[in-house]
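Per chain, numbering begins at 1; letters A, B, ... match sequence-line order. As a basis for the values below, the full set of heavy atoms in this structure was taken, side chains included, without hydrogen atoms, waters or symmetry mates.
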Amino acid sequence: MQRFNYNDSITSKTKQLKHLLHVFFSVLLASNVFAVSESNAPEKKGSLKDEIKAYIQHHLKDSHDFYLGSYKEGDKKKYIGYIGLPIILWDNGLVVFSSSKFKHGKAVVQRGDGYYKLYHGKIYKTDAAGTINYDDAHHATNEKPLDLSMTKSVMTMLLTALLMFFLFRSLAQSYGKNKGIAAGIGRFFEPIILYVRDDIAIPNIGEKHYGRYMSFLLTVFFFIWFLNLLGLTPLGINVTGNIAITFGLALITFLLTNLTANKNYWAHIFWMPGVPVLMKIVLMPIELLGVFIKPFSLLIRLYANMQAGHIVLMSLIGLMFIFNNWLGSSLSFVLAFAISIIELLVAALQAYIFTMLSALYFGFAVEEHHDEAH
Amino acid sequence: MEKLLGEFSFGLFIWQTLIVVALIFLLRKFAWKPILSTINEREEGIRSAMDAAEEARQEMQNLQADNERILKEARAERESLLKEARVLRQKMIDDAKEDAKVQSEQLLEQARKAIESEKQVAITSLKNEVADLSIQIAEKLTKEQLSSDKKQTELVQKLLKDVDLNA
């Protein structure tokens with residue numbers, strides 16, 4: 001049933017040298033490649049801007065396939081290091097095929113009696129000719145099957161998960177071999193684990209309860225951090241800047257907070273102790289709203305920060321091609337370089353903030369009852 | 001907001017949740033629990049080692065204090081022993097002196113007594129001797145004086161004269 005065909009999707013890498021060089025630098029600097037035309041005629045400036053804008057928009061989104069870069073050869077768009085990823089659809093039955101079958105949205109894929117077409121990063125059901133119908137606002141109105149594809153983000157997360165699993169298992173195992181002292185790369189990560197425990201978990205949750213949240217906090221911290229860092233590589237991955245990802249992470253925080261909460265926590269929401277009855281009634285909806293706003297702020301914060309970082313960084317790199325002169329372009333390069341360094345900091349900072357605030361919310365949930373001194 | 005919802009991919013959300021939850025449980029079993037327990041054990045070990053070191057230090061201090069105390073006691077004991085010995089010696093000397101004094105006095109007394117008795121004996125014998133000598137002298141004298149009748153008469157006369165008949 002599954003027919004992943006990767007070989008035919010990998011295009012030839014030995015094309016014209018100038019294209020390669022162009023691509024190479026773009027790959028190095030950007031999180032992906034700008035397929036910029038060589039022409040710098042003034043009347044084409046507008047189209048270049050649009051192209052860069054479209055490119056950034058495309059990059060920020062999840063993708064059904066993976067490639068290192070692309071360039072134009074005549075009218076054709078060529079891809080470098082293209083890998084088709086598994087498409088998994090639920091359309092009255094499981095439908096699985098490789099994303100390379102879409103030929104970057106040009107081809108209609110037939111499986112069973114369904115026809116599927118990739119249009120602007122989304123998969124639609126179409127007729128055999130691949131007709132897309134639009135409404136007035138130029139949105140596609142075709143039926144969408146339930147898309148459970150292993151997209152670029154899913155693959156990246158799987159790889160990150162594998163990396164984390166082997167990394168931290170090897171740390172755990174190195175203790176046994178080395179009389180309780182970390183060996184190898186674990187020496188770098190052990191202080192970070194200790195930091196999460198001593199400076200995030202214990203101060204916010206308390207000595208008594210922090211233990212049961214440690215697995216979540218540590219996993220989420222490293223997961224977000226690694227994904228943020230991967231987003232800075234030229235692989236063109238924007239996982240933590242995706243609303244579905246941050247929503248999923250915040251949802252776990254939300255569920256953990258409210259499922260492990262004690263009586264005291266609920267009392268503070270529904271019947272705030274130590275205030276007059278009227279205030280109790282006024283505070284109830286506010287506190288209840290807060291229960292949802294807290295994790296919501298988590299998901300928006302992470303999403304917006306990573307998204308913004310990618311947009312700024314890519315715009316600065318795009319500016320190099322728009323200026324297209326030594327002064328402006330090198331200035332953009334310096335700026336992009338500086339922002340990259342800041343983004344490295346942001347990558348760790350956002351992971352820290354997410355973990356810290358999660359720990360804070362857990363702390364609210366398990367806070368012991370104390371005297372009415374509010 | 002609409003854009004956010006439009007970007008929301010349900011498939012991605014499902015995968016992400018699956019991966020993260022699975023990762024949390026896997027890492028919890030294979031990584032976090034052993035790592036944290038090892039770290040805790042190590043910290044516990046360090047703490048107990050520190051405690052043991054502190055205890056050892058305390059013990060050593062105690063030992064040192066003990067030693068000092070024992071030394072002090074020993075010194076005090078020696079001091080007192082010496083003092084006692086000195087007192088004893090003094091007493092012995094005093095006693096000996098006393099004894100010697102008494103003894104010497106006794107000896108002296110005895111000597112004195114001996115001398116006295118010797119003296120008495122000597123006096124007695126001397127007296128006897130003198131008496132003997134006197135008698136011998138008297139005998140000789142008497143023999144010579146009474147060698148004539150006249151002299152005998154005179155003596156009788158004289159003796160008679162001395163005798164007071166009236167008395």
S.K.: Any idea which of A:Val239, A:Ile252, A:Leu249 has the most non-hydrogen atom pairs under 4.5 angstrom with chain B?
M.R.: A:Leu249
S.K.: Got a sec, which residues hit salt bridge (Lys or Arg N to Asp or Glu O under 4.0 Å) with A:Glu143, two or more places apart in sequence or on another chain?
M.R.: none
S.K.: Side chain, backbone, both or neither: which part of A:Ile88 has an atom under 4.5 Å from a heavy atom of chain B?
M.R.: side chain
S.K.: Thinking salt bridges, do A:Lys152 and A:Asp62 make one under a 4.0 Å N-O criterion?
M.R.: no
S.K.: Has the side chain of A:Arg187 got a donor or acceptor atom that lies under 3.5 Å from a matching backbone atom of A:Ala182?
M.R.: yes
S.K.: With a 4.0 Å cut-off on N to O distance, would you call B:Glu73 and B:Arg69 a salt bridge?
M.R.: yes
S.K.: Look at B:Ile14, B:Leu27, B:Leu26 and state which one has the largest set of heavy-atom pairs under 4.5 Å with chain A.
M.R.: B:Leu27
S.K.: Which residues pass the salt bridge (Lys or Arg N to Asp or Glu O under 4.0 Å) test with A:Lys208, not counting sequence neighbours?
M.R.: A:Glu368
S.K.: Pick whichever of B:Phe13, B:Phe8, B:Trp15 has the most heavy-atom pairs under 4.5 Å with chain A.
M.R.: B:Trp15
S.K.: Salt-bridge test for B:Glu54 and B:Arg57: reply yes if a basic N is under 4.0 Å from a carboxylate O, no otherwise.
M.R.: yes
S.K.: Determine the option with the most heavy-atom pairs under 4.5 angstrom with chain B, choosing from A:Thr151, A:Leu251, A:Leu171.
M.R.: A:Leu171
S.K.: Please classify the contact between A:Phe223 and chain B as side chain, backbone, both or neither, with a heavy-atom cut-off of under 4.5 Å.
M.R.: side chain
S.K.: Heavy-atom distance under 4.5 Å to chain B: side chain of A:Phe222, backbone, both or neither?
M.R.: side chain
S.K.: Heavy-atom distances under 4.5 Å only: say whether A:Leu60 touches chain B with side chain, backbone, both or neither.
M.R.: neither
S.K.: Sort out for me which of A:Asp147, A:Leu148, A:Leu218 touches chain B most, counting heavy-atom pairs under 4.5 Å.
M.R.: A:Leu218
S.K.: What part of B:Ile19 gets within 4.5 angstrom of chain A, counting heavy atoms only: side chain, backbone, both, or neither?
M.R.: side chain
S.K.: Among A:Arg197, A:Met214, A:Lys122, which has the most heavy-atom pairs under 4.5 Å with chain B?
M.R.: A:Arg197
S.K.: Strictly below 4.0 Å, N to O, side chains only: are B:Glu98 and B:Lys101 in salt-bridge contact?
M.R.: no
S.K.: At a 4.5 Å cut-off on heavy atoms, which part of B:Leu18 comes close to chain A: side chain, backbone, both, or neither?
M.R.: neither
S.K.: Check this for me, if you would: do B:Arg42 and A:Glu190 make a salt bridge, where the nitrogen-to-carboxylate-oxygen distance has to be below 4.0 angstrom?
M.R.: yes
